[in-house]
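These notes concern the structure reproduced below.
Please read all numbers here as calculations on a predicted model, not as lab measurements. A note on names: the letters A, B, ... follow the listed sequences, proteins ahead of strands, and every chain is numbered from 1.
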Number of protein chains: 2
Amino acid sequence: MGLRERKKEKTRLAILDAALDLFLEQGYESTTVEQIAGAVEISPRTFFRYFNSKDHLALWHHDHGEEIMLETLASRPEDESSFTSLMHAMRAVVGDLEGSTGEDRARFLKLRRLMEDHPRLVGMSVARGAATERRLIEVIAARRGVDPDEDMLTPLIVAFAACTLRVGFECPRRDSGLPEITQRMAETIELAERSLRPGWDR
Amino acid sequence: MGLRERKKEKTRLAILDAALDLFLEQGYESTTVEQIAGAVEISPRTFFRYFNSKDHLALWHHDHGEEIMLETLASRPEDESSFTSLMHAMRAVVGDLEGSTGEDRARFLKLRRLMEDHPRLVGMSVARGAATERRLIEVIAARRGVDPDEDMLTPLIVAFAACTLRVGFECPRRDSGLPEITQRMAETIELAERSLRPGWDR
DNA sequence: ATGACTTATGGCACACTGTGACAGAAAGGT
DNA sequence: ACCTTTCTGTCACAGTGTGCCATAAGTCAT
């Protein structure tokens with residue numbers, strides 16, 4: 001990886017960190033792109049080259065999470081039932097979080113505190129999740145050998161899986177640490193597995 | 001109801017109808033508030049007095065749906081299990097749709113076609129649903145006699161119910177008529193009920 | 001190093017959404 | 001008719017996001 005790309009990644013993280021701190025300090029709405037750009041000494045125009053919108057700052061982790069889920073899904077045995085595979089994909093996301101560096105954990109926790117204060121951001125996060133769901137539906141439909149436009153069970157399987165992860169993410173209390181959060185997420189996943197009738201995702 | 005309120009309601013619907021037609025004709029993003037306002041001969045400023053934002057146009061049905069769900073929920077017997085009550089609430093929304101006037105049905109179908117063309121609107125719709133979920137969680141937690149901040153099952157029950165309705169809504173194909181759509185929604189609800197282990201929502 | 005080539009950046013102009021403030025118009029009640 | 005309340009349009013403005021172009025910085029030869 002060349003100097004250029006490393007520098008870009010550094011700038012991207014600098015923007016993100018500056019933005020998160022400003023958001024937590026003075027609120028999301030009342031922080032302008034101009035301020036964020038100023039804090040990392042770039043022009044507002046350049047900001048929009050790193051993040052398509054101000055909102056995308058709050059969705060940073062989703063891209064990574066989606067990638068992990070798709071990778072995990074691809075690595076699961078063909079004959080495993082769909083929901084079980086999806087739950088493994090969800091666990092992989094939690095596992096990745098647990099194994100991440102201190103900086104990344106800090107970003108995650110800041111983001112989570114931010115969401116608690118700003119329901120609008122939760123909404124955007126959920127909306128981003130809907131895009132992921134569409135991709136997962138494609139994959140699962142292919143695995144199950146059904147037409148994604150005809151079958152009704154596939155979207156339901158994916159939706160149940162996706163909202164399980166979401167509930168696990170949103171559920172823990174405000175001042176939770178990361179171990180407590182991942183613990184809760186894992187528990188929620190188990191709870192979902194126990195709640196469904198065996199073989200429902202045949 | 002006075003003349004004033006009737007006129008307001010008429011204007012509100014006129015704006016909505018003009019907007020939906022423009023959206024379907026030339027796309028959501030490329031339709032400006034100015035155009036919508038022009039089509040119903042009001043000032044852009046007045047538009048924002050009827051709808052808080054352009055986006056709210058696409059969320060018009062959610063407020064009504066949420067109301068129906070909360071009402072239905074309140075009317076269900078205390079000892080009915082949570083998920084069952086929620087499924088009745090979802091069915092009430094479908095039932096209301098079936099019993100609505102021709103104009104309302106037309107709006108619903110236009111809205112649905114719009115969503116199919118614009119994933120961003122689906123995202124917003126999902127985000128709006130997240131707000132409804134929070135309210136439902138309060139109600140269900142009270143019914144189950146648990147602390148909504150501590151219990152993990154309540155959010156999961158509500159999330160499963162909410163995404164069942166959503167899947168039912170999104171699932172039908174592009175050119176479906178209303179009976180086909182409500183049929184699919186009802187089927188999805190039954191599918192969800194069959195998929196869950198009896199007593200999981202104790 | 002010097003050059004040529006590619007990519008990132010900043011500045012500018014611009015369109016669009018959304019809001020506050022104020023003045024005038026319309027509707028309501030008496 | 002009058003006064004009060006509510007709705008409306010106009011203006012000014014802040015903020016997000018994009019296209020365009022000139023310039024600066026990184027990259028890769030020779």
Side-chain angles (χ1 to χ4, degrees), chain A residues 1-16 18-23 25-60 63 114 118-121 123-125 127-128 131, chain B residues 1-16 18-23 25-60 63 114 118-121 123-125 127-128 131:
Chain A
M1 197 195 284
L3 168 70
R4 203 172 224 155
E5 290 187 45
R6 267 182 292 130
K7 189 179 173 185
K8 260 193 104 168
E9 207 50 35
K10 224 180 75 183
T11 307
R12 171 175 250 97
L13 290 176
I15 295 173
L16 181 62
L20 287 177
D21 288 336
L22 282 170
F23 289 161
E25 200 177 308
Q26 57 184 30
Y28 179 78
E29 320 279 352
S30 33
T31 302
T32 68
V33 170
E34 201 178 351
Q35 287 178 300
I36 300 167
V40 284
E41 305 191 297
I42 56 168
S43 74
R45 187 65 187 84
T46 299
F47 169 90
F48 285 108
R49 290 199 174 94
Y50 280 91
F51 294 90
N52 292 333
S53 75
K54 181 180 162 182
D55 293 346
H56 276 55
L57 286 165
L59 304 175
W60 196 68
D63 298 323
L114 203 56
H118 303 271
R120 208 193 128 227
L121 296 183
M124 285 175 14
S125 174
R128 174 66 179 82
Chain B
M1 199 195 284
L3 169 69
R4 204 170 226 156
E5 291 186 43
R6 266 182 292 129
K7 191 180 171 186
K8 258 192 104 168
E9 208 48 37
K10 223 180 74 182
T11 308
R12 170 175 250 96
L13 290 177
I15 295 174
L16 182 61
L20 287 177
D21 288 336
L22 283 170
F23 289 162
E25 199 178 307
Q26 56 184 29
Y28 180 79
E29 321 279 353
S30 32
T31 302
T32 68
V33 170
E34 199 178 351
Q35 286 178 300
I36 300 167
V40 284
E41 304 191 300
I42 57 169
S43 73
R45 187 67 186 87
T46 299
F47 169 89
F48 285 108
R49 290 199 176 94
Y50 281 90
F51 294 91
N52 292 332
S53 73
K54 180 179 163 184
D55 293 347
H56 276 56
L57 286 165
L59 304 175
W60 195 68
D63 298 323
L114 203 57
H118 302 271
R120 204 191 132 228
L121 295 184
M124 284 177 12
S125 173
R128 173 67 180 80

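Counting to the nearest Å, the P atom of C:dT7 and the CD atom of A:Glu9 are 18 Å from each other. With rounding to whole Å, B:Glu5 atom CD is found 9 Å from D:dC7 atom P. Between the OH atom of A:Tyr28 and the C1' atom of D:dT16 there is a distance of 10 Å, given to the nearest Å. For the pair A:Ile42 CD1 and C:dT7 C1', the computed distance is 16 Å after rounding to whole Å. Rounded to whole Å, atom P of D:dC13 lies 16 Å from atom CD of A:Glu34. Rounded to whole Å, the distance from CZ on A:Arg120 to C1' on D:dG15 is 12 Å. When rounded to the nearest whole Å, the span between CD of B:Glu29 and P of D:dT16 equals 18 Å. Across the protein-nucleic acid pair, A:Ile15 atom CD1 and C:dA8 atom P stand 13 Å apart, rounded to whole Å.
In this structure a side-chain-to-backbone donor-acceptor pair under 3.5 Å is present from A:Thr31 to A:Gly27. Between the A:Gln35 side chain and the A:Thr32 main chain, a donor and an acceptor come within less than 3.5 Å of each other.
Of the listed nucleotides (D:dT10, C:dT17, C:dG10), D:dT10 has the atom at the smallest distance from the side chain of B:Arg45. Minimum atom distance to the side chain of A:Arg4 is reached by D:dA25, of the listed D:dA25, D:dG9, C:dG10.
At a threshold of 4.0 Å, the pair B:Asp55-B:Arg120 counts as salt-bridged, since one of the basic side-chain nitrogens sits closer than that to a carboxylate oxygen.
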Exercise. Verify side chain to side chain contact (heavy atoms under 4.5 Å, CB included) between A:Leu13 and A:Trp60, making sure each step is shown before the conclusion.
Key: CA-CA 10 Å; A:Leu13 290 176; A:Trp60 196 68; 3.7 Å; yes
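For D:dC7, neither phosphate oxygen OP1 nor OP2 lies less than 4.0 angstrom from any side-chain nitrogen or oxygen of B:Tyr50. Checking the phosphate oxygens (OP1, OP2) of C:dA8, a side-chain nitrogen or oxygen of A:Lys8 falls inside 4.0 Å. A:Thr46 has a side-chain polar atom (N or O) that falls below the 4.0 Å cut-off from OP1 or OP2 of C:dG10.
Among the protein residues, B:Ser43 comes within range of the nucleic acid bases, having at least one heavy atom under 4.0 Å from a base atom. Counting non-hydrogen atoms under 4.0 angstrom, A:Phe47 reaches nothing in the nucleic acid. Contact annotation for B:Thr31: backbone-only contact, meaning every heavy-atom pair under 4.0 Å involves sugar-phosphate atoms and none involves a base.
Along DNA chain C, the nucleotide nearest B:Asn52 and the nucleotide nearest A:Glu41 are compared for position; the residue whose nucleotide lies closer to the 5' end is A:Glu41. Each of A:Ser30 and A:Pro44 has a nearest nucleotide on DNA chain D; the 5'-most of these lies closest to A:Ser30.
Residues B:Glu34 and B:Phe47 form no side-chain contact, since every pair of their non-hydrogen atoms from C-beta on lies 4.5 Å or further apart.
For B:Arg49 and C:dG18, a side-chain-to-base donor-acceptor distance below 3.5 Å is absent, hydrogens and geometry of angles not being considered.
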